[in-house]
Amino acid sequence: MLYIASAFTPTPIIDTLKVAGLTGPNTTSLVVAKPDRVEVWDVESQGLVRKSELEVWGNIVGIEKVEVEGAKPHLLVLLAPPSAQLLLVTYQTSPSPSLIVTSSITLTPPTPSLRQAEFFTSVIAHENVALVSLWIGVLSCVEMEIEKDKDAKKRRASTVDTDMSSNDEGKRLIFRDNFNINIREHNLLHLSFLPGPPTSSGPIISFLWLSATSDLQLQARTLSIVSHSFNDISRNVDVVSPLSSNVTLTEETDFNQIPFSCPAARRVLPIPSSASGTDLSLLVIGDEHSVLYNLGTVQQSPKALRRLSAVSGTNTSPRAANARRSPQNEMVSSVSKRRKSSMNSKSSGGIGDSANERWELKPVWRVRQGFGTILAAEILEAHATGASAMIGDECGRLTAIGWEFEKNQGILEGATGQNGVVRVRKVEMGQVSPPSSLTYLDSSYLFLSSAAGDSALLKLAPPTSDTARQPISPSSSSNSKAVPKKGKGRARDDSEEGAWTIVLEDEGNEFRGDVEEIERWMNIAPVKDFCAVKEEGGGLSHLVISSGASHTNSLRVVRSGAGLEETVNVEGIDGIERVWTLVDSSNTTRLLLSTSSTTLVLQVEEDISLIETAQQVSSVPTLATGILPGADILVQVTASGIALWSDLTSGLSAGSIDVDKEAEIIAAQVCKSLVVVAKRGGDVSLFEATANGISLIASFNVSAEISAVSIIHSPNLPSPVLAVGTWSNQIFLYTIAQLQSGSTALTTLNESFFPASLHLKPSSSSSTSTSGVQLFAGLSDGSLVIYDIEPAGPNDEVVVKARKASSLGNRPLTVCPTSGPGVGGDKIVGVGLTERMSIIFESGDRIDFSSVSRKDIIAASSISSPAYGEALVLASQTGITFTKINSLKKLSVQTLDLGDRSATKITAYNEKLVVDGMVVKTMDAQNGEILQLSGVELRDAATLTPLTELPLKEREEVTSSKAVFLNGRDYLVVGTAILPSDEDYEDDDNNYLNVKQGRLLLIDIVKDKSKEKEEDKYQLKVVVQKEVEGPVYDIEVIHGFLAIASGSRVTINRLSPTPPTLTEISSFTSAFLASHLTVTPASKANTSITPEDRLVLGDGMRSIIVLSIDEADGKIYDDTRDLATHQVTAMGRIQDGGEGIVISDGYSNILTFRLKEGIESAATFGLHEEVTRFVPGSLAPPTSTSETLIPDQIFATATGRLGIIGELTSRSSKTLDDLQRNLDKYYKGPNGLGWKSWRKGGNELVGKDTAGWIDGDLVQKFLNTDLFPSEESERIIKGSNTHEQIIKINENGQKEPADRSDVIRILEAVGGMH
C-alpha cells in the first residue's frame, strides 16, 4: 500500500477581502483565500497579525463577504467541482478563536454532462442573496437568513461551551434556500451586484458576456427572488462600439478611433453609490481601455416603454418552455425546502421603479491604460463627485485611475442635455506580481495577492510635484472628447444627451507614482518544472523549482531542514574541535573551546571577550568539562588526568588526579559532580568531584577498546546510569548501584557498527516511566540509535524498552548535546554531525530530526543569555557563530528572481550543475507586441549563478532536457519545439499540439579551467543536432540507445562516435501523443515477469504503453497497452508490490500500475490538483521510515504543493488502513464532507473511489489532541464493534488489537514525510 503526504501546501492566494468587525468590534481583517484554506489576518498598527485559518476539503475558487443587519460578518467560500460546495463561514471567539462553518450546501450541475463555466467562476453577494456561477448556462441563487433564537439555543446546548457572551458579537447566518436560474449567456465574462439599495423588483446586477456572434455585451438586470428570474432593465450595450451599431471590425481596426470602445473587456468594477449620487456607475475594464458607464433612469413615453418591453424581458433559458419544474433545473441542496421554477415571465414593478421610466447604460469617459489583460481591480476611494480605482494587469503593471466631476448635481443631469467637465487622471504606479486580487486596507496600504508570483503588502506613493505636470487640453489623437461636437445646423443626436467634456490629465504619462514593498508573501506557484539535485553521497541535497509567470519568474531552492539565522560571528579562532557552555552561580555564561593543542575560555556578554587563563589550564586540549553544582569550580578532563580549578586566571587548583602515560584518557564526560573517564585498554573509572577534591567511586575493565562514554544523574533516577561504547560494536549499560554492589548482571547492546558518540538524557518517550532514560548512540555509519531504557529493572540492571534507528549521514556520527533552544513548542536536545549537520529535537513525546545544509560544523553547544537569547553555538575550523533557529520540520525556500526570464524546463546535470531552458518574453504596453528569445542556460546547482548560455533559433523553445550517459561519456540532451508563425499558432498554456517541427541537441558540457581566474568556465558545445517531427516531449536511455518521444512517435536512436551522429534504428508510431518516457529495470525477484529493462510510454491522450526493446540491436519487438483514456500528464517509477508506474491523469487523479506479465491497474487517488512532474527521491528528514515506509517519489502540483509518495511495509499498512477507515466513518472535514467523498477519483461522469493509498494528511490529524481528545481517540481506535477495532501485526506476523501508542508510533515514524 502507498502513502502520500504533503510536504508543502499550496501557496498561491486566490482572492482577498477586507472585512470590518469579523474578529471583534472595531477590528479590520484581511481574509486570504488559498486553494485549500482560508486565513484571517487582523490589520493592526504593527502590521498584519495572523488570527486563524480554516482548512477545507476542496479547491477554493471564490470568496465573498456577507453583511446582513443584525448578524455578525460572514464569508461565502465557493469550492469547485468535483466536490462543489458553498460554505458560510464566520469567526468565533469562544470556546477558542477560530473560523467555523455555520452552514453549507452541496452544488451539483443541473445535468451531469454540463460543462463548467469557462470564463467566470465565482460567488457574489448582496445583503442576504448570493449568486454562484459554476456551470455554463445556469446561475444558482442562494438565500441566507439569521439563525432563529431557538435553533441557536439548541446549538449552544449541544456544545460544551456554555459561554453566552458570544451573543453580543451578533447572530449567525444560515442558508435558507437555493434555486437555479437558467441564462442565455453561455460565455459569461463577469457578474457583479451594483451597490446601493435594491429596486422594487430586486437588486441590480451587471452582466458582461460574449455573444454567439462574438460581440461583447453589457446589460443591467434585476434579480427577482419571488419569481426566480432576472429582469432586463436596460438594453444591451456593445462595449466595443457602444454608440454605433454600424461599425465593421477588422484586423486593422483602430479601436482608439471608436468612441468609448473597450475591446476585450473582461471585468466590471461597480462604483460605490456615494460617488454617483442618485445614479449608478460601473467601470468596464478591457485589455487596453477602461470606460466609465452610468446607469440611470430616463423618462420614457408609454410607446417607447412598450417597444422596450417587447425586446427586453425576463432572462431564462431557451429550454424554459419545456423544462418547467424538472429536477435538472435545480442544484441539489440538503437545506432546500422548496423548488420554484425559474421560468416565470412575470416581472414585478415593471422595468424600472416607475412605469414611465427606463434605465439606460451610457458611457461617460474612457482612458487608455495600455495593453495587458486586467486581472484585478479595486476602489481606493469614492465620494459624491468622483472616485479612484487601482487596476493590475497580467504583466503586474499597477495603474491608478481617478476622476472628478465639476458638477454638484451628480454625474449626469438627465435628458436636458446639460454638459459639464470631468477630469480624469491616470497614474502608472509601477510593476509588481500579476495580481489575483487587490485589496485596499487603509492609509495608502494595498494588499496585492497573486497566484503567479509572490503576494505583497504595498505602500502606495502618489505622484510628487516633480512627476506631475499641469493638465493639458484634450487632443483629437486620444479621443478624449466623449462624442463629436455638434455642427451648425445639425440635429441633436440622441447619443450626445448628457455628454461630458473630458479632460485627460495623464496625456503623455505625466503622472507616475510608486509602490513600496512592506511585506512579501512567498508563493512557489505556478510550478512549471523542478529537479532534484543530489549530494556527493547520493542522497537528495535540494530541489530547484521553476515558478512564476510574466516578469515575476523565479528559481527556488527548496531544502528540507531547519531554518538558521546567524546573529553573531566570532572569527579568528582556528582548529576548534570541541565546545561546551558553562554557567556559574551568578548566571554568567562562558564558552570553553578546545583545539588540538589548547583550551580557550570566552566570556559571553554584550561584548564577547577572551578570558586570560593560566598556562596549566590553556596549554592542553580538553576532553570534557563542567561546573560543580554549588561551587564555582571548573572540572577539566584532559588526556593526562582530571583537574579542579577554582580560579582560571591564576590557576588555583582545588584538586587533581593524574593517570599513567601508558594509559591515557581517551573519552570522558562530566555530569554535575560525577566524572567518568575511559582509558586505553578498556579501563573505566568513575569519580565524584567536590570542593574538597576528587574521590574514586568505582572502576572496572570492559575487555575491549573504548570509543565513547556517557553518564546521567538526576533526582528521578534510583541510581546514576553509565553507558560505555566499544570499538567491537557493543554498548554496555550499568547503574552505579550495580557497580557498588558487585552485581554481575549486565545489559549489552550489540550493533552492526561501533558507537562513535554516546549521550544519556531524561526520556521524552511515553513508553518509559518518569525515571526513564534515553540513550543516543551515534554510530560509525552515520546512524543515530535511540534506546528507551528503564534503570529500575531486576537486580538494579538496566532494561531496554524500545529501539529506534535513523540515518543522519554516512560518516561517523558525533552527538553534541544541547539544552535548547525551544522552537514553536519543540525543544532542541542535540546536534548530530556527520558529513552534514542535523538538529535533534523533542516534539511532544518523540524525538525528531531536521537536516541543515552546513558541512563545516565541527562541534556544537547552546547558550541562553540576556544579551543573545537562546541560540545554538556552532563551531567551525575558523571560528564560532551564534545561530537562532527560525523553524524546524519545515522546508526552507530560497528565491532567485529572474524577472522576465522564464525557465520552462530544468534538469540536474550532476551534483554541481543544473540546466534550464530559458524563454524571455516581454509585451510592449503601447502596441501589445510580444518579443521573445530563448536559449539553454547552465547554472551552479547550489547558488543558481548563471555560468554560460546557448542561444536557440527564433521561435524555438526547450520542451525537454536530460543528462544521459552514452558511449562512456556524459552528455546533455535537449529537445525543442519550433513554433509556427503567429497566424498558425496560439499559445494556450504551453500547448504544442500545433507544432510540426522540433530539434534534438546532443550537448557536451566542456569545463575550461582558466589559469587567470579561480572560477570554472564552461562551454555548451553542440555535438549533434537532429530535426524531428513535432516537439520533443521526453528523452530516455535504454540499453545504451537514446529513446526520443516527439509528436506521436517514439524513436530508438544509436549514437555513432566518429563522426558523432544519431541514427534512428526503430520507431513506435501507434501513440496519440508521446508525452512521457520512463525506463523500468528488470525485476530481481522474478525474471520471468520482467526479464529486462523496458521502456514505458505515457500517452497524453490515452494511458501507458510498455515497449520491449532488443538489447543488442535496439529494435522494438513487443508492446503492451492499457487502452483507457487517462490522458497522462506526468509519469514516474514507483514500488507498489513490485515494479510499477505512477501517473497523473487529465482528471487530476494519481494512478499506479503494476508491471507484471501485463499492465495491472493498482491504486487510485483523487488528488484534484494538476501534477507537474514526478521525481525520484524524498524530502523527508532521515528517520526510521525504512522500518515503516520507503519514500519513492516527490511530486509537485501547479498550485505549489510538494508531496512525497512511498511504499508502506505490510505491518504499518494494516494499522494505517484501519485508522483511515475509522477516520472516514467518524470524522468529517470542516465543510461536513467525508474523506471518501473528498478523495473520490475518476472523472465528471464516472467516479472511482480512492483505493490502495493511505492519505497521510488525513491520518496525521489523529495526532492532533484538539481534534481527537482521549475519549474520541479511543472511539477511533476501538470502533463501534470488534470488526472496526484497529489491528496491528506483531513481530511474529500475528494480528492483535492495537492501542493508541501503537498507532502513534507508526504515525510518528512517517511524520517526517510531512
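One is the number of the first residue; the rest follow in order along the sequence.
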Should the pair [X]-[Y] be classified as a salt bridge under the 4.0 Å nitrogen-to-oxygen rule?
X	Y	answer
Arg1305	Glu1308	no
Asp1217	Lys1214	no
Arg1133	Glu1139	yes

For a 4.5 angstrom cut-off between non-hydrogen side-chain atoms, does [X] reach [Y]?
X	Y	value
Ile1306	Val1303	no
Ser1148	Leu1167	no
Leu54	Val89	yes

Look up atom [atom1] in [X] and atom [atom2] in [Y], then write down how far apart they are to the nearest 0.5 Å.
X	Y	atom1	atom2	value
Ser1213	Leu1208	OG	CG	4.5 Å
Ile4	Arg1239	CD1	CZ	7.0 Å
Ile1105	Ile1159	CD1	CD1	8.0 Å
Ser104	Leu86	OG	CG	9.0 Å
Ser1161	Asp1122	OG	CG	5.5 Å
Trp57	Trp1235	CH2	CH2	9.0 Å

Practice task
Could you check Tyr1227 against Phe1262 for ring pair (Phe, Tyr, Trp, His ring centres under 6.0 Å), going step by step and ending with a plain yes or no?
Solution key: CA-CA 10 Å; Tyr1227 174 72; Phe1262 187 73; over 10 Å; no
Problem - Intermediate values then yes/no, side-chain contact (heavy atoms from CB on, under 4.5 Å), Val1259 and Ile1254 - result: CA-CA 8 Å; Val1259 296; Ile1254 297 298; 4.1 Å; yes
Problem - Verdict with supporting geometry, Val40 and Leu99, side-chain contact (heavy atoms from CB on, under 4.5 Å) - result: CA-CA 8 Å; Val40 175; Leu99 286 171; 3.6 Å; yes
Considering all heavy atoms, the nearest [X]-[Y] contact:
X	Y	result
Ile1204	Ala7	CD1-CB, 4.2 Å
Ala84	Trp135	CB-CH2, 4.2 Å
Leu134	Pro81	CD2-CD, 4.1 Å
Ala1074	Val1050	CB-CG2, 4.0 Å
Trp1253	Ile1205	CZ3-CG2, 3.7 Å
Thr1188	Ala1309	OG1-CB, 3.5 Å

Using atom types as modelled and distance alone, determine if a side-chain donor or acceptor of [X] lies under 3.5 Å from a backbone N or O of [Y].
X	Y	answer
Arg1173	Phe530	yes
Glu1036	Leu1095	no
Gln1193	Val1175	yes
Glu1207	Gly1137	yes
Thr1120	Gly1158	no

Exercise for the section: Would you please test Leu88 and Val101 for side-chain contact (heavy atoms from CB on, under 4.5 Å) and show each step? Expected result: CA-CA 6 Å; Leu88 197 53; Val101 178; 5.8 Å; no
Can a side-chain donor-acceptor contact be found between [Y] and [X] if the only test is distance below 3.5 angstrom?
X	Y	result
Glu1170	Thr1197	no
Ser1108	Asp1118	no
Gln1127	Asp1145	no
Thr1209	Ser1212	yes
Thr1250	Thr1164	no
Arg1201	Ser6	yes

Practice task
Count the heavy atoms belonging to other residues, nucleotides or ligands that lie under 6.0 Å from NZ of Lys1248, then report whether that count exceeds 12.
Solution key: no
Problem - side chain to side chain donor-acceptor pair (under 3.5 Å) assessment of Ser1144 paired with Thr1129 - result: CA-CA 6 Å; Ser1144 171; Thr1129 60; 3.2 Å; yes
Problem - For Lys34, the option from Glu53, Glu55, Glu39 that meets salt bridge (charged side-chain N to carboxylate O under 4.0 Å, His left out) - result: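 That would be Glu39.
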Handout entry: Any residue meeting salt bridge (charged side-chain N to carboxylate O under 4.0 Å, His left out) with Asp1249, in chain and number order, not counting sequence neighbours
Key = Lys1240
Practice task
List the steps and the verdict of side-chain contact (heavy atoms from CB on, under 4.5 Å) for Phe119 and Leu188.
Solution key: CA-CA 6 Å; Phe119 300 104; Leu188 185 64; over 6 Å; no
Only distances under 3.5 Å count here; give the side-chain donor-acceptor pairs of residues 1284-1294 to other protein atoms, sequence neighbours excluded, each with its distance to 0.1 Å.
| residue | atom | partner | partner atom | Å |
| --- | --- | --- | --- | --- |
| Glu1284 | OE1 | Tyr1226 | OH | 2.7 |
| Glu1284 | OE1 | Ser1280 | N | 2.8 |
| Glu1284 | OE1 | Ser1280 | OG | 3.0 |
| Glu1284 | OE2 | Lys1225 | NZ | 2.4 |
| Glu1284 | OE2 | Ser1280 | OG | 3.4 |
| Gln1285 | NE2 | Ala1298 | O | 3.1 |
| Lys1288 | NZ | Glu1296 | OE2 | 3.3 |
| Lys1288 | NZ | Asp1302 | OD1 | 3.4 |
| Lys1288 | NZ | Asp1302 | OD2 | 3.2 |
| Asn1290 | OD1 | Asn1292 | N | 3.0 |
| Asn1290 | OD1 | Gly1293 | N | 3.1 |
| Asn1290 | OD1 | Gln1294 | N | 2.8 |
| Asn1290 | ND2 | Glu1296 | OE1 | 3.1 |

Handout entry: Partners passing side-chain contact (heavy atoms from CB on, under 4.5 Å) against Ser83 (at least two apart in sequence or in another chain)
Key = Leu1233, Trp1238
